[in-house]
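The basis for the numbers below is simple: all heavy atoms, side chains too, and nothing from hydrogens, waters or symmetry mates. Positions are given from 1, in the same order as the sequence printed here. Model, not experiment: these values are computed from the prediction.
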Amino acid sequence: MPVPRCSGPCAGVRPAALRRPRTGRAVCRSCFCSAFEAEVLSTLQTGRLLPPGAVVAVGASGGKDSTVLAHVLRTLNSRHKLDLHLHLVAVDEGIGGYRDAALAAVRRQAARWQLPLTVVAYADLFGGWTMDEVARRAAQEPGRARACCTFCGVLRRRALEEGAQRVRATHVVTGHNADDMAETVLMNFLRGDAARLARGGTLGSPGEGGALPRCRPLQFASQKEIVLYAHFQELDYFSEECVYAPEAFRGHVRDLLKALEAARPSVVLDLVHSAERLALAPAARPPPPGACTRCGALASRSLCQACALLDGLNRGRPRLAIGKGRKGLGEEGQGETRASRDRGRPTMAGAIHAF
Ligand code: SF4
């Protein structure tokens, strides 16, 4: 079968290299990458996410999403003179045999792109607790799954905020993509978390309670297109799976989403857009959050999720912080890493519909 010509802006000058999963159009590599970058720029501009002069902490895990995010932001910043000051912030959770290799990828990216890099470690921030230690402690509670990603997600969100504050960032960006967002919407439905469901569809959080504003510039980009973009740009990223990822509840939700996608290909973006339009009826709205009595972070109880979790760990009962009595801390925190979100995700071979 002859290779079709590109139907993008080059108007058939080049042969098509792929069929865009998002639109079904056959396009060449160059037109695809330009369109992808233009769509991220549109997300930034439509949502007014990053004002000129912003110091932007880019959550960098070494995985493909944060790698693509940093690369696209850097490209757009220079091409469109956005006046953004980008700073990579990486979190070392203390996961033996996994995180060191991922951090090595982040260091290579920082050197290649000449971006400043700050690494913050759980062990330093959380009184010596590493994720491996947390997992060991959680395993000692009989008859329960360890739910490592639940703990890790909460601590990670705090660690990224801390790293961003240290570099005097004004904004935080993360590499969450459309598939992540659709999974999160489904997870919130499945656990009946109406409050999180109602606020989960926005492009980010405005930065209440002293926290920095956060946003997700890749929120409308599909996982497949991110893989394709990384491939065409020859980006160097880390793609191994975290040892704790197979335990994540998110994996079940992903399987469900895949089955739904087979019947309705637009389901991922449909879910993302549905979440944007959801609003809680006044009577169902939770009371406005206050400040954690220990650290001052935003909290719906006297202690924020991270302080409650650390309290539970130090008392030998980590589950106390995420048990049924503590509504609001879901099966997995919102900050879990690329590794848990990547389970079962397309690899390069599965993502490309190449000619
Ligand atoms: Fe943490 Fe991600 Fe590993 Fe879960 S998969 S424990 S969130 S690094």
How far does CZ of Arg254 sit from CE of Met187, to the nearest 0.5 angstrom? 9.0 Å
Is a salt bridge present between Glu261 and Lys258, judged by a nitrogen-to-oxygen distance below 4.0 Å? no
Taking the inter-plane angle between the rings of Phe32 and Phe36 on a 0 to 90° scale, is it parallel (under 30°), tilted (30 to 60°) or perpendicular (over 60°)? tilted
Which heavy-atom pair separates Thr43 from Phe220 by the least distance, and what is that distance? OG1-CD1, 3.8 Å
Report whether Trp113 and Leu84 are members of the same hydrophobic cluster (ILVMFWY, side-chain heavy atoms less than 4.5 Å apart, transitive linking). yes
Judged by modelled atom types alone, do Thr184 and Arg250 share a side-chain donor-acceptor pair under 3.5 Å? yes
For the student: nearest non-hydrogen atoms of Val55 and Val167, plus distance: CG1-O, 4.2 Å
Considering only NZ, NE, NH1 and NH2 on the basic side and carboxylate oxygens on the acidic side, decide whether Asp180 and Arg216 come within less than 4.0 Å. no
Taking atom CG of Leu260 and atom OG of Ser266, what is their separation to the nearest 0.5 Å? 11.0 Å
At what distance, to the nearest 0.5 angstrom, does CG of Asn177 lie from OG of Ser66? 11.0 Å
Pair Asp270 + Arg264, salt bridge at N-O below 4.0 Å: yes
His80 vs Gln45, side-chain contact (heavy atoms from CB on, under 4.5 Å): CA-CA, chis, key distance, verdict: CA-CA 12 Å; His80 297 278; Gln45 291 178 331; 5.8 Å; no
Taking only Lys NZ, Arg NE, NH1 and NH2, and the carboxylate oxygens of Asp or Glu, determine whether Glu161 and Arg157 approach each other closer than 4.0 Å. no
Show the numbers, then the answer: is there a salt bridge (charged side-chain N to carboxylate O under 4.0 Å, His left out) between Glu162 and Arg166? CA-CA 6 Å; Glu162 179 68 29; Arg166 279 187 192 177; 3.6 Å; yes
Would you name the heavy atoms of Leu212 and Ala164 that are closest together and state the gap between them? CD1-CB, 3.5 Å
CA sep, side-chain torsions, deciding dist, call: Asp311, Arg294, side-chain contact (heavy atoms from CB on, under 4.5 Å): CA-CA 11 Å; Asp311 229 27; Arg294 187 166 302 162; 3.1 Å; yes
Going by the side chain to side chain contact (heavy atoms under 4.5 Å, CB included) test, name the single residue among Val89, Leu86, Leu69 that passes it with Val173. Leu69
Using the side-chain contact (heavy atoms from CB on, under 4.5 Å) rule, take Cys10 and Ser30 through it: C-alpha gap first, then chi angles, then the decisive distance, then the call. CA-CA 9 Å; Cys10 82; Ser30 172; over 6 Å; no
Salt bridge or not between Glu39 and Arg20? Use side-chain N to carboxylate O under 4.0 Å. yes
Among Leu115, Val56, Val119, which residue meets the side chain to side chain contact (heavy atoms under 4.5 Å, CB included) test with Leu88? Leu115
What about Leu256 and Phe249, same hydrophobic cluster or not, with Ile/Leu/Val/Met/Phe/Trp/Tyr joined at side-chain heavy-atom distances under 4.5 Å? yes
d(Glu183 CD, His176 NE2) to nearest 0.5 Å is 10.0 Å
Could you see if Leu298 belongs to whatever hydrophobic cluster contains Leu309? Use Ile, Leu, Val, Met, Phe, Trp, Tyr and a side-chain cutoff under 4.5 Å. no
If you take all heavy atoms of Tyr122 and Cys152, which pair is closest and at what distance? OH-O, 2.9 Å
Compare every heavy atom of Val253 with every heavy atom of Leu186, then report the nearest pair and how far apart it is. CB-CG1, 3.6 Å
One should read off an interatomic distance between Asp100 CG and Asp92 CG, to the nearest 0.5 angstrom, of 6.5 Å
When rounded to the nearest 0.5 angstrom, what distance separates CE in Met131 from CG in Leu155? 7.0 Å
Taking all atoms of both residues into account, what is the closest heavy-atom pair of Cys292 and Cys304, and its distance? SG-N, 3.3 Å
Quiz question: by atom type and distance under 3.5 Å, do the side chains of Tyr237 and Gln109 form a donor-acceptor pair? no
